[in-house]
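Note that this is a predicted model, so its numbers are computed, not measured. As a basis for the values below, the full set of heavy atoms in this structure was taken, side chains included, without hydrogen atoms, waters or symmetry mates.
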Amino acid sequence: MIGRAADKIFTRVFIFLIMTVYFWIYTVAGLVVLGIGPAFRTVTEMHMDKQWDYRLYHFKEGWQRFKAYLVVLRGRGRLGL
């Protein structure tokens, strides 16, 4: 019982650390001001899709999502929507 609880806690902390690192890498890649929104959306949707299974988190998949969201954001900025 204690082993399962400890495993659950450490897994959640590990995923939190992974998502924090991903968020800051994506934010910096988006030149901070324009990168915060897409980075947050990417990290949030990755967590919604993968939940607490740390083996399913991949930087490459997140990077593809981030680039797509960044293009959408910049497209909206030009159109003024």
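The minimum heavy-atom distance between L70 and G30, with the atom names listed, is CD2-CA, 4.4 Å. The two residues F23 and F40 come nearest to each other via the heavy atoms CE1-N, 3.7 Å. Shown here for L34 and L73, the closest heavy-atom pair between the two residues is O-CD2, 3.2 Å.
Cluster annotation: W52 and Y22 are assigned to the same hydrophobic cluster (Ile/Leu/Val/Met/Phe/Trp/Tyr, side-chain heavy-atom contacts under 4.5 Å, transitive).
No more than 12 heavy atoms of other residues, nucleotides or ligands lie within 6.0 Å of CH2 in W24, so this atom counts as exposed by the packing criterion.
Take A29 and apply the side chain to side chain contact (heavy atoms under 4.5 Å, CB included) test, not counting sequence neighbours, and it matches W63, F66.
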Atom pairs and distances, donor-acceptor, side-chain atoms in residues 5-20, under 3.5 Å, two or more places apart:
{"unit_1": "T11", "atom_1": "OG1", "unit_2": "D7", "atom_2": "O", "d": "2.7"}
{"unit_1": "T20", "atom_1": "OG1", "unit_2": "F16", "atom_2": "O", "d": "2.7"}

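The shortest distance between side-chain heavy atoms of F59 and V21 does not fall below 4.5 Å.
Screening residues 42-51 for side chain to side chain donor-acceptor pair (under 3.5 Å) gives R41-E45, E45-Y69, H47-Y57, D49-R65, K50-E61 as the qualifying pairs, with residues at least two apart or on separate chains.
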